> 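Below you'll find the structure I mean.
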Amino acid sequence: MACKRGALIVMEGVDKAGKTTQCKKLVEALQQSGRPAEMIRFPDRTTTIGQLISAYLEKKSDLEDHTVHLLFSANRWELVPLMKKKLEQGTTLVVDRYAFSGVAFTSAKPGFCLDWCMKPDVGLPKPDIVMFLRLSPAEAALRSQFGEERYETSVFQSAVQQNFEQLIKDPSVNWQAIDASQSVEDVHENITTHSLNTINTSQNLQLGELWK
Ligand code: NYM
C-alpha cells in the first residue's frame, strides 16, 4: 500500500501573533506523538533568492515593489519540489507564512490589489488548512516593540490585518481563525486539535493547487 501523505499546514497572521512559537510547538508535539513533521518558513532566507529578500527586509538594499513581490513568490516556488517530496513521503509540513502573507503584505502598499498579488502564487501546493492567528494590531503592539525591519510599523500592520480579513473570506481555502490573544498553551491546544483532524482527513486526499 502506498504511504499516506503528510498534511500541508500553514500558519498566518500579522507580526507578533505568535506564528513561529506555535509552529515550533506543533512540530514538537507531532513528532513526540510519532508523526513525522518538519517546519519550513517563508521567506526562506537561505537560498540565493532568499538572501536578496533578506537584504531588502533588513533595509540593506532597495528593490522595486513588484520585483520584490515576485521574488517572495519565486522563493516559495523554488521549495515546491522539496515540499512535494516530503509530503509524498508522509511528512507533515508546518509552514510559517505562505502565499497569504505575500498577498497581505504587498497589497498593503499603494497601487496594489489583492487580485494582482495572488497571480504569481496560483498553482502552489494548496494548504490542507491555513490557521489564521488573529490578534488586533493594538494587542500586537502591547506584546513588544516592533523590530527594525521593513513593514514593522503599526500603520502598515493594520493594513496587512485588513487584507488578511479579506483573504479569509475565500471559501476555496480551508481557513481556520484562531484567537491568538489566548495563552500560548491554549493556542497550542487549539492548533493541535485542528492539525490532528487535518492530518487524518488529508492523508487519503490528493494535494490541491492553490487558487486554481
Ligand atoms: N513577507 C513575508 C512578505 O512581505 N511577503 C511574503 O511573501 C512573505 C512570506 O516578510 N514582515 C514579509 C512579512 C514579514 C517579513 O517575515 C519577514 P519573518 O516571518 O519575520 O521572517
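As the structure lists them, so they are numbered: ligands from 1, and atoms in each ligand from 1. Fair warning: this is a prediction, and the values are worked out from it, not measured in the lab.
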> So, are Lys86 and Glu38 salt-bridged, with charged N and O less than 4.0 Å apart?
yes
> What protein heavy atom is closest to atom 19 (O) of ligand 1, reported as residue, atom name and distance in Å?
Arg97 NE, 2.8 Å
> So, the side chain of Thr91 versus the backbone of Leu87: is there a donor-acceptor pair under 3.5 Å, distance only?
no
> Quickly, which of Phe105, Phe42, Trp175, Phe72 forms a ring pair (Phe, Tyr, Trp, His ring centres under 6.0 Å) with Phe100? Name it, please.
Trp175
> Is it the side chain (CB and beyond), the backbone, both or neither of Ser73 that lies under 4.0 Å from ligand 1, heavy atoms counted?
neither
> Find all atoms of ligand 1 within a distance of less than 4.0 Å from any non-hydrogen atom belonging to Arg41, and give their numbers and elements.
18 (P), 19 (O), 21 (O)
> When you look for heavy atoms under 4.0 Å from ligand 1, do you find them on the side chain of Asp15, its backbone, both, or neither?
side chain
> Can you tell me the protein heavy atom closest to atom 15 (C) of ligand 1 and the distance?
Leu57 CD1, 3.8 Å
> Would Glu149 count as being in polar contact with ligand 1, using the rule that some N or O on each side must be under 3.5 angstrom apart?
no
> Within less than 4.0 angstrom of ligand 1, does His69 place any heavy atom?
no
> Using heavy atoms and a threshold below 4.0 Å, how should the contact between Glu152 and ligand 1 be classified: side chain, backbone, both, or neither?
neither
> Using modelled atom types and a 3.5 Å cut-off, is there a donor and acceptor pairing between side-chain atoms of Lys25 and backbone atoms of Val187?
no
> Could you tell me how the ring of Trp116 sits relative to the ring of His66: parallel (under 30°), tilted (30 to 60°) or perpendicular (over 60°)?
perpendicular
> Gln161 and Ser158: side-chain hydrogen bond (donor to acceptor under 3.5 Å, both in side chains), yes or no, with the steps?
CA-CA 5 Å; Gln161 177 90 8; Ser158 296; over 6 Å; no
> Hey, do the aromatic rings of Phe112 and His69 have their centres closer than 6.0 Å?
no
> Which ligand 1 atoms does Pro43 reach within 4.0 Å, using its non-hydrogen atoms?
2 (C), 9 (C), 16 (O), 17 (C)
> Starting from atom 17 (C) of ligand 1, find the nearest protein heavy-atom neighbour and note its residue, name and distance.
Arg45 NH2, 3.5 Å
> Examine the proximity of ligand 1 to Arg76 and report which part, side chain or backbone, both or neither, has a heavy atom under 4.0 Å away.
side chain
> Output the list of atoms in ligand 1 that are nearer than 4.0 Å to some heavy atom of Phe42, sorted by atom number.
9 (C)
> Could you check atom 2 (C) of ligand 1 against the protein and tell me its nearest heavy-atom contact, residue, atom and distance included?
Phe72 CE2, 3.6 Å
> For Leu124 and Val80, work out which heavy atoms get closest and say how close.
CD2-CG2, 3.6 Å
> Using atom types as modelled and distance alone, determine if a side-chain donor or acceptor of Trp211 lies under 3.5 Å from a backbone N or O of Ser172.
no
